[in-house]
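The next block holds one structure in the form of structure tokens; read it before the comments.
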Amino acid sequence: MKGVKGCINVECVAKHKKLHYKHDDNFCSKCGQELVYVCSKCHSVIGLPGHKYCADCQAKINDRNDKIKSGAAKTFGAVKKTIGFVGATTVDKVVKPAAEAVIGPMVTDKVAKAINDDIATQEIINNSEE
């Protein structure tokens, strides 16, 4: 994960527009101020080149991802109870299209993969118990 650079000059247009610069750029193209690593989301100074987000924004992203995973697990559990064993085909044909309508296709690909991974894990457990 690469960090982004930004201008921290409070009078600069680039700072107000939260423009991001490449890793190789060293100075603002608008005012000439030396660039520093900034959060990709809120544009606060983070200092370290290896981070894309500040600690606050990263925490918010992690919380959001945890809520999505938790919601997907609850939905999957309800579907599983309603229709019994859910296979990968059912996930792709039933669960994924329904989820896309609610939370969007990009997130649903991650949810479907997580569900399919859970199904594969459960099949391994079931086979080992036999």
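Reckoned from all heavy atoms, side chains included, excluding hydrogens, waters and symmetry mates. The structure presented is a predicted model; accordingly, all values stated were derived computationally and were not measured.
Side chains of Leu35 and Cys7 form a contact here, defined as non-hydrogen atoms less than 4.5 Å apart. Counting heavy atoms from C-beta on, the side chains of His20 and His43 come closer than 4.5 Å. Between Cys42 and Tyr53 there is no side-chain heavy-atom pair separated by less than 4.5 Å. Residues Ile46 and Val38 have side chains not in contact (no heavy-atom distance under 4.5 Å, counting atoms from C-beta outward).
Between the side chain of Asp25 and the backbone N or O of Lys22, at least one donor-acceptor pair lies under 3.5 Å.
The CD1 atom of Ile8 sits 11.0 Å away from the SG atom of Cys28 when rounded to the nearest 0.5 Å. The line from NZ of Lys17 to NZ of Lys30 is 6.5 Å long, rounded to the nearest 0.5 Å. Note that NZ of Lys52 is 10.0 Å distant from CD of Gln58, once rounded to the nearest 0.5 Å. The structure places SG of Cys39 at 8.5 Å from CG of Asp56, a figure rounded to the nearest 0.5 Å.
Ring-plane geometry between His23 and Tyr37 is classed as tilted, the angle between the planes lying from 30 to 60 degrees on a 0 to 90 degree scale.
Val36 and Phe27 end up in different hydrophobic clusters when Ile, Leu, Val, Met, Phe, Trp and Tyr side chains are linked at under 4.5 Å.
Smallest separation of non-hydrogen atoms from Gly6 and Tyr21: CA-CD1, 4.2 Å.
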Step-by-step side chain to side chain contact (heavy atoms under 4.5 Å, CB included) determination, Lys15 to Val10: CA-CA 7 Å; Lys15 176 168 175 57; Val10 294; 4.1 Å; yes
